[in-house]
Chemist: 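Can you keep this structure in mind? I'll have questions shortly.
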Amino acid sequence: MVRLCLIGSRQPFSWCTPTDGLASRGGTLPALHQAGRPLPALVGSEPKASRSRRRTTRHPPHPRAAAPAKAGLLRHPPPSRCCVYPGPRPSQGLLRTHRVKPWPHPFPYEHLSSPAQARDDGREMTGARLRFAPSPTGLFHVGSARTALYNWLAARGGGGVFVLRIEDTDAERGREEWVGGILEALDWLGLDWDEGPYFQSQRSERYSEAAALLAGTGRAYWCECTREEIDRRAREAGRPPGYDRCCRDRGLSPGPGRVLRFATPLDGETVVDDRIRGSVKFANRDIEDFVIVRSTGAPLFLLSNVVDDMDQLISDVVRGEDHLSNTPKYQLLWEALGGPSLPRFAHLPMLVNEKRQKLSKRRDKVALESYREQGYLAEAMCNYLALLGWGPEDGEEVLSKAELVEKFSLEKVNHSPAFFDLRKLDHFNGIWLRRLAAEEFEERALPYLERQAWGNRFDRASFRRLAPLVQERVATLEEVPAMVDFLFLDRPALQDRDWAKLSGDPSTRTVLQAAAELYGTVSWDAPMLEAETRRLSERLGRPLRKTQAPIRVAVTGRAVGPPLFESLEVLGRERVLRRLGEALDMLGGPARAEEHAPPAG
RNA sequence: GGCCCCAUCGUCUAGUGGCCUAGGACACCACCCUCUCAAGGUGGAGGCACGGGUUCGAAUCCCGUUGGGGCUGCCA
């Protein structure tokens with residue numbers, strides 16, 4: 001059992017490693033380094049009718065769908081769940097910087113499960129296998145979240161398997177804490193995965209084998225050109241920037257400073273058949289001889305991505321449109337490695353900023369975590385994210401994840417980029433907040449209240465009494481504390497603007513004095529307070545809204561908040577009277593109660 | 001520069017040749033409700049980028065233009 005502890009979660013993440021009867025690693029790996037030998041699939045590509053129990057599916061199954069596990073690596077059933085929470089899900093506690101240890105950890109390579117296994121989990125399987133393959137190079141991105149969600153929806157909607165893979169081939173940029181961020185983000189969103197996480201950093205042997213195969217068959221070659229040389233040659237020859245295939249026929253052997261480049265075909269075209277965009281043609285001559293292995297021997301994304309999709313039997317690649325131009329390279333590599341039939345592709349439209357540029361970590365607010373911290377609900381985030389690039393036919397936009405699974409279809413995904421609009425997110429968050437059961441709302445608001453500087457003055461019981469009124473007035477959980485802070489502060493947090501307006505009005509003193517008198521004796525519950533304040537208002541000859549305003553500011557410090565009389569009730573007579581008195585003191589000046597006092601009786 | 005993708009209200013979308021005088025949602029405006037603020041209700045303003053075709057008929061199909069974006073890394 002490998003266990004990752006996420007500081008900030010009450011429960012540790014953990015995933016099982018096989019403990020019994022699994023084929024030993026390595027021994028059953030096909031030998032890939034023999035020149036001329038195509039890379040065999042780890043699983044038979046010929047579906048066996050007897051074992052492939054076809055189900056009705058929304059989409060035509062991939063040729064490899066429902067292919068049963070062949071003897072060998074996949075002979076033994078993997079653990080029923082690869083990633084589980086032992087016990088209740090972590091609280092909605094605020095994220096802190098978290099650290100995952102240890103890392104790298106043993107790679108759960110033998111985990112590859114057959115579709116049959118997932119079927120045992122109680123889901124209808126079609127054998128479609130989708131993966132979400134983020135790289136741990138920064139805070140988890142809302143665009144990644146959308147991609148993960150669409151993969152998850154496609155998997156869950158079609159009875160497929162959802163695989164999580166961490167693409168950490170770039171040791172320089174990858175950081176272990178980002179891995180924890182990915183896991184925690186997916187967990188928060190409720191996007192559970194069936195397999196993985198697989199770590200590319202644990203599979204370098206496999207990529208070396210693939211690289212050796214490509215080099216051995218002449219589909220790749222070693223190159224010693226530096227970036228500077230390449231740029232200079234292009235410049236001097238007046239060619240557009242790009243590699244000139246200089247080393248392609250030099251027959252170099254591996255060596256220091258040398259990278260392995262894939263030799264792309266010089267003619268013909270590669271056609272990408274995309275489920276969202278249709279068929280997209282690329283002339284092979286436009287695809288440069290791209291690097292697949294660094295001079296350090298480490299594989300590049302292009303290679304490891306293909307090898308993993310092959311090994312992990314991915315049938316459907318759903319990713320951002322920024323990968324569309326990579327796809328012909330993917331396909332060429334796939335073919336050169338002797339892979340079975342290609343996966344299906346679906347390239348999702350990008351998420352863009354207000355200037356309609358791809359969302360960037362640098363200039364845009366993209367960290368999912370920051371939205372979580374601000375009190376956005378995972379339900380709202382999923383709901384909103386799903387609508388970025390897709391819309392339900394019936395127009396009903398407020399959808400739970402279960403409803404999304406029901407209605408979502410990759411084929412209906414839009415083609416054009418979408419802007420991440422905070423205001424609409426706010427609207428959805430308000431809806432989901434109001435849908436929460438009272439106790440649930442209270443529970444989720446708790447972390448935001450407890451982190452306030454009220455110290456031990458916070459009192460859950462008082463909050464509970466006002467919570468339902470707060471619930472329907474906030475758009476995010478972050479707004480909750482300001483709604484109820486007057487309950488937990490010695491003196492209300494007087495808002496300058498509100499106080500200025502109040503103190504500038506000569507009638508304020510009259511109202512506050514009258515209220516103080518009234519509240520000294522009135523029966524202390526909201527209905528009575530309201531009724532009596534209304535009568536007071538009539539006696540003063542002013543509308544209730546004009547009367548409640550000074551009282552509200554004096555008692556709560558703010559001009560807006562939960563309904564006043566409930567607030568007074570919870571605060572209690574003593575504190576209300578004290579605050580009215582303090583406000584009157586602050587108002588200063590001569591008491592002019594006589595002038596405005598209502599006729600006695 | 002080269003290659004590729006995209007184009008319906010400000011934003012997210014419905015629309016796949018006639019049902020479109022283009023529907024919904026967010027935001028906005030007005031009114032109603034109302035102890036503040038929200039929520040809710042009613043109504044309003046607002047769009048098929050442009051130009052050519054094809055067709056009896058085009059938001060929808062084709063071509064072009066323009067505009068936007070992505071890729072073009074020993075990042076993913």
Side-chain angles (χ1 to χ4, degrees), chain A residues 133-137 167-170 172-174 223 226-227 230 239-243 257-261 272 274 276-277 280-283 285-288 290-296 298-302 304-305 319-329 347 349-350 352 354-358 384 387-398 412 414-428 430-431 434 469-475 479 483 498 529-530 533-534 537 543-549 551-553 556 558-567:
Chain A
S135 69
T137 52
E167 305 221 327
D168 53 355
T169 56
D170 188 343
E172 306 224 331
R173 298 202 311 159
C223 164
T226 63
R227 188 75 240 170
I230 293 167
R239 279 183 286 103
Y243 183 62
R258 291 179 182 174
V259 298
L260 188 65
R261 285 182 184 273
V272 175
D274 191 276
I276 294 172
R277 278 150 226 283
V280 184
K281 297 184 173 71
F282 296 85
R285 98 181 82 82
D286 292 329
I287 305 169
E288 74 172 32
F290 53 94
V291 177
I292 54 177
V293 177
R294 296 176 170 87
S295 54
T296 60
L300 252 0
F301 152 78
L302 257 356
S304 54
N305 188 251
R319 68 220 298 202
E321 199 209 305
D322 46 347
H323 285 295
L324 185 55
S325 339
N326 286 328
T327 307
K329 299 177 186 171
H347 286 95
M350 305 298 294
V352 297
E354 56 287 329
K355 287 153 78 179
R356 305 212 72 81
Q357 297 163 310
K358 171 181 172 179
Y384 178 61
L387 262 21
L388 250 29
W390 170 83
E393 288 170 71
D394 61 12
E396 178 50 60
E397 293 192 335
V398 181
K412 303 281 285 183
N414 254 292
H415 299 181
S416 39
F419 170 62
F420 188 86
D421 187 356
L422 230 1
R423 290 182 300 188
K424 190 155 180 175
L425 209 212
D426 279 340
H427 177 254
F428 277 94
I431 289 174
R434 275 173 257 123
L469 298 172
V470 172
Q471 183 173 4
E472 54 191 34
R473 286 173 167 75
V474 291
E479 294 170 12
M483 286 278 193
D498 296 338
L529 283 164
E530 175 173 354
T533 307
R534 275 183 194 282
S537 212
L544 179 59
R545 64 189 167 80
K546 287 276 209 177
T547 304
Q548 62 90 35
I551 301 173
R552 180 187 297 279
V553 174
T556 72
R558 303 168 191 275
V560 302
L564 178 63
F565 306 109
E566 283 78 359
S567 300

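All figures in this text were calculated on a predicted structure; none of them were measured in a lab. Proteins get letters first, then strands, A, B, ... in listed order; numbering begins at 1 in each.
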Chemist: Check this one for me: any side-chain N or O of A:T547 less than 4.0 Å away from OP1 or OP2 of B:C35?
Modeler: no
Chemist: May I ask you to say what A:R434 touches in the nucleic acid, namely base, sugar-phosphate or nothing, with a heavy-atom cut-off under 4.0 Å?
Modeler: sugar-phosphate
Chemist: What's the closest nucleotide to the side chain of A:F282 if the choices are B:A39, B:C6, B:C3?
Modeler: B:C3
Chemist: Rounded to the nearest angstrom, tell me the gap between atom CZ in A:F420 and atom P in B:C12.
Modeler: 13 Å
Chemist: Does A:R473 make a side-chain N or O approach to OP1 or OP2 of B:U36 shorter than 4.0 Å?
Modeler: no
Chemist: Tell me whether the rings of A:H323 and A:F301 are parallel (<30°), tilted (30 to 60°) or perpendicular (>60°).
Modeler: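 Tilted: the ring planes of A:H323 and A:F301 meet at 30° to 60°.
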Chemist: So what's B:U34 paired with, Watson-Crick or G-U wobble, going by both distances under 3.5 Å?
Modeler: none
Chemist: Dump the pairs, protein N or O against N or O of nucleotides 68-71 of chain B, anything under 3.5 Å, distances to one decimal.
Modeler:
unit_1, atom_1, unit_2, atom_2, d
B:G70, OP1, A:K358, N, 3.4
B:C71, OP1, A:K358, NZ, 2.6

Chemist: Rounding to a whole Å, what distance do you find between A:K412:NZ and B:U13:P?
Modeler: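 To the nearest whole Å, that distance equals 14 Å.
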Chemist: Can you tell whether the side chains of A:R473 and A:E479 come within less than 4.0 Å, N to carboxylate O?
Modeler: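 No, this pair does not count.
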Chemist: In whole Å, what separates the P atom of B:A22 from that of B:G40?
Modeler: 27 Å
Chemist: Looking only at atom P, what distance separates B:A45 and B:C35, rounded to whole Å?
Modeler: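 That atom pair is separated by 32 Å.
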Chemist: Please find the pair of heavy atoms, one from A:P349 and one from A:S416, that lie closest to each other, and give the distance.
Modeler: CB-O, 3.2 Å
Chemist: What does A:E167 touch in the nucleic acid at a heavy-atom separation under 4.0 angstrom: a base, only the sugar-phosphate, or nothing?
Modeler: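 Since only primed, P, OP1 and OP2 atoms lie under 4.0 Å of A:E167, the category is sugar-phosphate.
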Chemist: Once you apply a heavy-atom cut-off of 4.0 Å, does A:G561 come out as touching a base, just sugar-phosphate, or nothing?
Modeler: base
Chemist: For A:E530, what residues pass the salt bridge (charged side-chain N to carboxylate O under 4.0 Å, His left out) criterion, not counting sequence neighbours?
Modeler: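 Per chain and number, A:E530 pairs via salt bridge (charged side-chain N to carboxylate O under 4.0 Å, His left out) with A:R534.
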Chemist: Taking the nucleotide of RNA chain B with the closest heavy atom to each, which residue, A:A559 or A:C223, is nearer the 5' end?
Modeler: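 Per heavy-atom nearest nucleotide, the more 5' residue is A:A559.
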Chemist: Using atom P of each nucleotide, how far apart are B:A76 and B:C71 to the nearest Å?
Modeler: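 Straight-line distance between the two P atoms is 14 Å.
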Chemist: What is the distance, rounded to the nearest whole Å, between atom NZ of A:K546 and atom P of B:U34?
Modeler: 19 Å
Chemist: Whom does B:A76 pair with, Watson-Crick or G-U wobble, provided both distances fall under 3.5 Å?
Modeler: none
Chemist: On a heavy-atom basis, which atom in A:L388 and which in A:A418 lie closest, and how many Å separate them?
Modeler: CG-CB, 4.1 Å
Chemist: If we take the P atom in both B:A39 and B:U21, what is their distance in whole Å?
Modeler: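 Going atom to atom, P in each nucleotide, I get 35 Å.
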Chemist: Is there a Watson-Crick or G-U wobble partner for B:G67 with both distances under 3.5 Å, and if so, which one is it?
Modeler: B:C6
Chemist: State plainly whether the residues A:E397 and A:K424 are in salt-bridge range, i.e. N to O under 4.0 Å.
Modeler: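 Salt bridge flag = yes for A:K424 with A:E397.
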Chemist: Could you check whether A:R319 and A:T327, counting side-chain N and O atoms only, form a donor-acceptor pair closer than 3.5 Å?
Modeler: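 Distance-only check passes for A:T327 and A:R319.
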Chemist: Can you name the atoms? Protein N/O to nucleotides 24-28 of chain B N/O, anything below 3.5 Å, with the distance.
Modeler:
unit_1, atom_1, unit_2, atom_2, d
B:G24, N2, A:E397, OE2, 2.7
B:A25, O2', A:E397, OE1, 2.9
B:A25, N3, A:K424, NZ, 3.1
B:C26, OP1, A:H427, NE2, 3.0
B:C26, O2', A:K424, N, 3.4
B:A27, O2', A:R423, NH1, 2.8

Chemist: Taking CZ in A:R285 as the centre, count heavy atoms belonging to other residues, nucleotides or ligands within less than 6.0 Å. Is the count above 12?
Modeler: no
Chemist: Between B:U36, B:C5, B:C74, which nucleotide has the shortest distance from any of its atoms to the side chain of A:V280?
Modeler: B:C5
Chemist: What is the separation between atom CZ on A:R277 and atom P on B:C5, rounded to the nearest whole Å?
Modeler: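 Rounding to the nearest Å, CZ of A:R277 and P of B:C5 are 9 Å apart.
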Chemist: Answer with base, sugar-phosphate or nothing: what part of the nucleic acid does A:G257 contact at a heavy-atom distance below 4.0 Å?
Modeler: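 Since a base atom lies under 4.0 Å of A:G257, the category is base.
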Chemist: What contact category does A:L564 fall into here, base, sugar-phosphate, or nothing, at under 4.0 angstrom with non-hydrogen atoms?
Modeler: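 The residue A:L564 makes base contact.
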Chemist: Within less than 4.0 Å of OP1 or OP2 of B:A76, is there a side-chain N or O belonging to A:R294?
Modeler: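 Yes, because at least one side-chain N or O of A:R294 sits under 4.0 Å from OP1 or OP2 of B:A76.
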Chemist: P atom, B:G2 versus B:G73: distance in rounded Å?
Modeler: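 Taking atom P in both B:G2 and B:G73, they lie 16 Å apart.
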Chemist: Base, sugar-phosphate or nothing for A:F290? Non-hydrogen atoms, less than 4.0 Å.
Modeler: nothing
Chemist: Kindly give the heavy-atom pair with the smallest separation between A:Y384 and A:F419, and that separation in Å.
Modeler: OH-O, 3.6 Å
Chemist: Rounded to whole Å, please give me the gap between CG in A:L300 and P in B:C75.
Modeler: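 Distance, rounded to whole Å: 6 Å.
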Chemist: Report the distance from atom CG of A:L469 to atom C1' of B:C37, rounded to the nearest whole Å.
Modeler: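 In whole Å, B:C37 C1' lies 12 Å from A:L469 CG.
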Chemist: Taking OP1 and OP2 of B:C74, is either one under 4.0 Å from a side-chain nitrogen or oxygen of A:R227?
Modeler: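 Answer yes for this pair, as a side-chain N or O of A:R227 is under 4.0 Å from OP1 or OP2.
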Chemist: Under 4.0 angstrom, heavy atoms only, what part of the nucleic acid is A:E288 near: base, sugar-phosphate, or nothing?
Modeler: sugar-phosphate
Chemist: Counting side-chain heavy atoms from C-beta on, which of B:C74, B:U8, B:C35 comes nearest to A:S416?
Modeler: B:U8
Chemist: Between B:C35, B:C37, B:C12, spot the one nearest the side chain of A:A418, thanks.
Modeler: B:C12
Chemist: The side chain of A:S135 lies closest to which of these nucleotides: B:U36, B:A76, B:A14?
Modeler: B:A76
Chemist: Touch check for A:V259, heavy atoms < 4.0 angstrom, all strands: base, sugar-phosphate only, or nothing?
Modeler: base
Chemist: Please state how far atom CD in A:E354 lies from atom C1' in B:C12, giving the value in whole angstrom units.
Modeler: 15 Å
Chemist: Does A:Y243 have A:R261 sitting over its ring (NZ/CZ under 6.0 Å from centre, angle to axis within 45°)?
Modeler: yes
Chemist: Between A:E167 and A:N305, which heavy-atom pair has the shortest distance, and what is it?
Modeler: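 Minimum heavy-atom separation between A:E167 and A:N305: OE2-ND2, 3.0 Å.
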Chemist: Testing the basics here: between A:I276 and A:H347, what is the closest heavy-atom pair and its distance to 0.1 Å?
Modeler: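 That would be CD1-O, 3.5 Å.
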Chemist: Does A:K281 or A:L387 map to a spot on RNA chain B nearer the 5' end, using the closest nucleotide for each?
Modeler: A:K281
Chemist: Is A:Q471 touching bases, backbone alone, or none of the nucleic acid, heavy atoms closer than 4.0 Å?
Modeler: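 No contact.
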Chemist: For A:Q548 and B:A38, what is the distance between atoms CD and P respectively, to the nearest whole Å?
Modeler: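 About 13 Å, once rounded to whole Å.
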Chemist: On a whole-Å scale, what distance lies between the P atoms belonging to B:C50 and B:A7?
Modeler: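 Their P atoms lie roughly 14 Å apart.
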Chemist: Taking everything shown except A:R239 itself, do over 12 heavy atoms lie less than 6.0 Å from its CZ?
Modeler: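 Atom CZ in A:R239 is crowded, with more than 12 foreign heavy atoms closer than 6.0 Å.
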Chemist: What is the nucleic acid contact for A:P349, judged by heavy atoms within less than 4.0 Å: base, sugar-phosphate only, or nothing?
Modeler: nothing
Chemist: B:A25 and B:U66: how far apart are their P atoms, nearest whole angstrom?
Modeler: 38 Å
